[in-house]
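Data first, discussion second: the structure below is written as structure tokens.
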Amino acid sequence: MGVEPENTLRSFVAAERAGLDVVELDLHLSKDGALVVMHDADVDRTTDGTGAIADRTLEELRTLDAGLGERIPVFEEVLDAVSVPLQAEIKDVAAARTLAEVMRRRDLVDRVEVISFHDEAVVEIARLVPGVRTALVAQYYGPEVVDRAVEAGAATLCLDVNRITLEVVERARGAGLRVFAWTVNTQDHLRLVRALGLDGATTDYPEIKRTGRFTA
């Protein structure tokens with residue numbers, strides 16, 4: 001999020017207060033198996049620490065400053081901090097299995113959509129949580145990404161706005177898929193989203209909500 005420390009409780013609360021439709025977050029597993037909310041696989045960019053998340057326990061991660069005194073949250077803290085729907089990005093099959101346990105225990109099928117760059121993670125979460133909504137995310141892709149999404153059982157494609165084309169959008173529509181774009185932070189990108197008739201977009205800046213429907 002461009003106006004608060006990213007992937008912190010502070011940022012999620014701000015997004016909800018700004019009236020965004022959905023809050024997107026990223027999940028990694030700590031060394032002791034906690035679902036940690038952070039974009040990168042390591043803590044270097046967004047905290048005062050260094051090293052891989054997978055090499056630290058949750059207790060160790062909690063000692064780090066994620067910006068403005070915020071701590072790295074775990075998934076269930078976000079669930080309790082905001083009431084908006086969530087879009088949870090998972091990085092691998094192991095994270096899918098841990099997330100599935102939380103979703104079943106807390107009955108989150110209607111609230112949480114699960115997204116991933118990794119086809120196998122999308123397949124696994126769908127196997128473990130019947131009825132879950134899933135999306136395949138792609139940055140480097142061609143028209144074949146539509147076939148990948150269909151084969152993985154995803155209902156939505158989340159595509160890098162810098163590479164999106166009318167051909168891919170039309171092919172996705174023909175396959176019955178929704179199409180979102182990321183990351184839409186400029187008016188030029190917003191105009192492209194509208195021109196292509198996309199179902200939505202992800203942004204770092206809640207104020208853009210005034211001119212379109214977005215997740216943050």
Side-chain angles (χ1 to χ4, degrees), residues 1-8 11-12 14-16 18-28 37-41 45-46 75 78 82 84-92 95-96 99 111-119 121-122 125 132-150 152-173 175 177-216:
M1 187 168 173
V3 296
E4 297 286 358
E6 68 176 67
N7 275 306
T8 62
S11 70
F12 301 134
E16 180 174 41
L20 295 180
D21 303 291
V22 181
V23 166
E24 191 267 348
L25 51 81
D26 306 276
L27 298 175
H28 290 270
V37 182
M38 182 172 284
H39 181 274
D40 300 352
R45 182 176 62 87
T46 57
F75 179 58
V78 181
V82 297
V84 292
L86 300 178
Q87 193 178 61
E89 181 181 333
I90 51 177
K91 311 300 182 178
D92 53 36
L99 176 59
R111 184 181 176 194
V112 177
E113 179 182 33
V114 182
I115 70 176
S116 184
F117 281 89
H118 306 288
D119 307 46
V122 173
I125 193 74
V132 66
R133 291 169 293 120
T134 60
L136 182 67
V137 190
Q139 182 173 19
Y140 304 105
Y141 59 86
E144 77 287 342
V145 74
V146 174
D147 298 328
R148 287 176 51 203
V150 171
T156 301
L157 271 172
C158 297
L159 302 175
D160 185 342
V161 70
N162 293 301
R163 295 177 174 83
I164 201 165
T165 65
L166 179 60
E167 179 187 5
V168 171
V169 173
E170 289 180 339
R171 186 167 178 174
R173 295 290 189 217
L177 300 174
R178 297 193 310 158
V179 183
F180 278 61
W182 58 272
T183 302
V184 177
N185 288 337
T186 69
Q187 289 299 312
D188 284 344
H189 283 158
L190 178 58
R191 282 189 284 271
L192 177 61
V193 167
R194 287 176 161 172
L196 292 173
L198 302 189
D199 297 282
T202 300
T203 184
D204 292 322
Y205 297 99
E207 61 267 24
I208 209 167
K209 164 72 174 178
R210 295 192 300 270
T211 50
R213 297 183 65 242
F214 293 90
T215 65

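Since this is a predicted model, take the numbers as computed values, not measurements.
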Using every non-hydrogen atom in the two residues, find where [X] and [Y] come nearest and quote the distance to one decimal.
X: Leu20; Y: Val84; result: O-CG1, 4.1 Å
X: Ala154; Y: Thr134; result: CA-OG1, 3.3 Å
X: Ala88; Y: Phe75; result: CB-CE1, 4.4 Å
X: Val78; Y: Arg111; result: O-NH2, 4.4 Å
X: Pro206; Y: Val3; result: CD-CG2, 4.0 Å
X: Ala181; Y: Val193; result: CB-CG2, 4.1 Å

Worked verdict on Leu196 versus Leu166 for side chain to side chain contact (heavy atoms under 4.5 Å, CB included): CA-CA 7 Å; Leu196 292 173; Leu166 179 60; 4.0 Å; yes
Check: [X] side chain, [Y] main-chain N or O, donor-acceptor pair, under 3.5 Å:
X: Asp119; Y: Ala152; value: no
X: Asp199; Y: Val179; value: yes
X: Glu144; Y: Gly142; value: yes
X: Thr183; Y: Thr202; value: no
X: Tyr141; Y: Ile164; value: yes
X: Arg178; Y: Leu198; value: no
X: Ser11; Y: Glu4; value: no

Nearest-0.5 Å distance, [atom1] of residue [X] to [atom2] of residue [Y]:
X: Cys158; Y: Glu89; atom1: SG; atom2: CD; result: 9.0 Å
X: Gln87; Y: Asp21; atom1: CD; atom2: CG; result: 11.0 Å
X: His118; Y: Ile90; atom1: NE2; atom2: CD1; result: 9.0 Å

4.5 Å side-chain heavy-atom contact, [X] and [Y]:
X: Val114; Y: Val122; answer: no
X: Val145; Y: Val168; answer: yes
X: Gln187; Y: Arg191; answer: yes
X: Arg148; Y: Leu136; answer: yes
X: Leu27; Y: Leu25; answer: yes
X: Glu24; Y: Ile115; answer: yes
X: Gln139; Y: Asn162; answer: no
X: Glu6; Y: Arg45; answer: yes

No-hydrogen, no-angle side-chain donor-acceptor test under 3.5 Å, His28 and Asp40: no
Derivation of the side chain to side chain contact (heavy atoms under 4.5 Å, CB included) call for Thr46 and Asn7: CA-CA 9 Å; Thr46 57; Asn7 275 306; over 6 Å; no
Test side chain to side chain contact (heavy atoms under 4.5 Å, CB included) applied to Trp182 and Thr203, step by step: CA-CA 7 Å; Trp182 58 272; Thr203 184; over 6 Å; no
Stepwise side chain to side chain contact (heavy atoms under 4.5 Å, CB included) test for Val146 and Leu177: CA-CA 8 Å; Val146 174; Leu177 300 174; 4.0 Å; yes
